[in-house]
Amino acid sequence: MHHIGILQYSLEGALLCYREAAFEAMRRLGEHRHPLITMAGLSMAETIDDWDAKNYDALRAGTAAVVERLARASADFFVMPDNTAHIALEEEGPPLAIPGLHIGEVVASAASDRGYRKVGILGTNWTMEGPVYPRALAFHGMEWAVPDATTRKELHRIIMDELCMGEFLTDSIAIFQAAVEALRIDGCDAVALVCTEIPLILNDDNSSLPVLDSTRLLAKAAVDVALGDRPLPNWRGGRAQR
């Protein structure tokens with residue numbers, strides 16, 4: 001089995017991805033059996049100023065250094081359960097030390113396979129206003145939509161100040177549910193949860209649209225690669241190869 005590397009950026013999303021990858025493997029291989037998984041990461045506090053300044057070169061360099069640590073730990077490939085950080089990794093730069101699965105491509109491919117036509121995007125403001133998902137969804141022939149500016153700001157606050165800190169408040173869940181309903185009214189037939197913490201509070205049972213859970217989709221894809229059911233990726237940063 002191939003050795004999975006998990007690049008921890010935001011903490012809750014990375015922990016959920018690790019757990020889901022392990023349990024997905026056990027569902028397929030039997031109790032207590034899963035590929036080797038190594039997680040390495042950084043302190044997200046050190047990146048916030050660079051995100052606000054859109055200093056993507058610095059963000060890419062710092063993320064690439066973590067990929068190098070995973071390579072030294074003998075990981076065969078990596079996944080990064082942080083959608084926003086893919087904005088920086090899509091910048092041009094030296095090839096990453098090992099290849100990775102691109103989370104936007106995993107989600108867009110799943111949306112296409114399920115026959116969706118217009119996908120709502122929920123994540124940090126950086127992700128909702130960024131290029132990763134519009135490009136990935138458009139490649140598969142899908143439209144996309146995001147909440148209005150006021151809602152985007154409030155969702156971003158909840159993600160950064162609550163979800164990333166392990167707080168899951170009833171009022172905040174209701175705000176996310178209202179954002180999904182507005183996307184449904186706007187013509188979306190699915191919603192992509194493209195902050196990896198959102199699946200901790202939103203799912204098919206409490207959403208008015210079917211959800212595309214980026215964390216669990218990425219974990220499943222990682223297990224597919226590890227078990228040889230999907231080829232090793234060849235993306236080493238820059239625009240996703242299609």
Side-chain angles (χ1 to χ4, degrees), residues 2-18 20-21 35-109 123-136 139 159-160 164 194-197 214-215 217-219 221-226 230-242:
H2 291 301
H3 179 172
I4 301 171
I6 296 179
L7 199 165
Q8 171 261 312
Y9 214 94
S10 54
L11 186 59
E12 286 281 5
L15 294 172
L16 178 58
C17 185
Y18 193 117
E20 286 299 313
L36 183 61
I37 305 173
T38 296
M39 186 159 68
L42 43 73
S43 173
M44 195 166 65
E46 299 171 3
T47 72
I48 300 300
D49 289 344
D50 284 328
W51 280 112
D52 288 337
K54 298 185 178 180
N55 187 0
Y56 298 138
D57 287 343
L59 291 161
R60 191 190 197 282
T63 308
V66 182
V67 178
E68 176 64 37
R69 289 203 294 274
L70 289 169
R72 291 200 299 270
S74 301
D76 295 305
F77 69 102
F78 79 94
V79 295
M80 182 168 62
D82 188 290
N83 291 273
T84 297
H86 281 70
I87 298 172
L89 279 194
E90 282 197 344
E91 293 292 304
E92 295 302 321
L96 301 172
I98 53 176
L101 281 171
H102 187 292
I103 195 170
E105 293 303 304
V106 169
V107 173
S109 179
T124 65
N125 216 23
W126 300 308
T127 298
M128 289 186 287
E129 296 181 355
V132 171
Y133 277 92
R135 279 201 292 252
F139 175 77
I159 289 168
M160 298 301 294
C164 286
V194 295
C195 160
T196 48
E197 284 78 25
S214 64
T215 313
L217 287 170
L218 185 65
V223 173
D224 288 342
V225 172
R230 181 179 182 138
L232 278 166
N234 56 18
W235 178 63
R236 290 179 180 258
R239 293 285 182 89
Q241 298 177 6
R242 299 183 173 96

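From a predicted model like this one, the values you see are computed outputs, not experimental measurements.
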So, N83 and Y133: side-chain donor and acceptor under 3.5 Å apart, yes or no? yes
I159 and T124: which non-hydrogen atoms are nearest, and at how many Å? CD1-N, 3.6 Å
Has the side chain of H102 got a donor or acceptor atom that lies under 3.5 Å from a matching backbone atom of E105? yes
Decide whether S214 and T196 meet the rule of one side-chain donor and one side-chain acceptor closer than 3.5 Å. no
When rounded to the nearest 0.5 angstrom, what distance separates OG in S10 from CE in M160? 8.5 Å
So SG of C164 and CD of E197: to nearest 0.5 Å the spacing works out to 4.0 Å
Which label fits F78 and W235: parallel for a plane angle under 30°, tilted from 30 to 60°, or perpendicular past 60°? tilted
Holding to side-chain hydrogen bond (donor to acceptor under 3.5 Å, both in side chains), I want the full list of residues that pass it with T63, two or more places apart in sequence or in another chain. none
Can you tell me how far the CG atom of N55 sits from the CG atom of D57, to the nearest 0.5 Å? 6.5 Å
Return the minimal non-hydrogen interatomic distance between R230 and V106, and the atom names on each side. NH2-CG2, 4.0 Å
Under 4.0 Å between a Lys/Arg side-chain N and an Asp/Glu carboxylate O for R60 and E90? no
Report the C-alpha distance between I4 and L36 in whole Å, list the side-chain angles of each, state the deciding distance to 0.1 Å, and finish with yes or no for side chain to side chain contact (heavy atoms under 4.5 Å, CB included). CA-CA 6 Å; I4 301 171; L36 183 61; over 6 Å; no
Separation of E91 CD from H86 NE2 (nearest 0.5 Å): 13.5 Å
Side chain to side chain contact (heavy atoms under 4.5 Å, CB included) test vs L218 passes for just one of D82, I6, V223, V79, namely V79
Quick one: OH on Y9 to CE on M44, what's the gap to the nearest 0.5 Å? 8.5 Å
How close do V66 and A40 get, counting heavy atoms only, and between which atoms? CG1-O, 3.4 Å
Tell me, please, which residues at least two apart from H3 pass side-chain hydrogen bond (donor to acceptor under 3.5 Å, both in side chains). T38
T127/V132 under side chain to side chain contact (heavy atoms under 4.5 Å, CB included): CA gap, chis, key distance, verdict: CA-CA 7 Å; T127 298; V132 171; 5.9 Å; no
Kindly indicate whether the side chain of L89, heavy atoms from C-beta on, has any atom under 4.5 Å from the side chain of L96. yes
Do P233 and V225 have side-chain heavy atoms sitting under 4.5 Å apart? yes
Spatial distance of atom CE (M39) from atom CG (L70) [nearest 0.5 Å]: 10.0 Å
T84 to W51 - nearest heavy-atom pair and separation: O-CH2, 3.1 Å
Measure across A108 and A136 and return the closest heavy-atom pair with its distance rounded to 0.1 Å. CB-O, 3.6 Å
When every non-hydrogen atom of G123 is compared with those of M128, the smallest separation belongs to O-CE, 3.0 Å
Would you confirm whether R236, through its side chain, and G100, through its main-chain N or O, come within 3.5 Å as a donor-acceptor pair? no
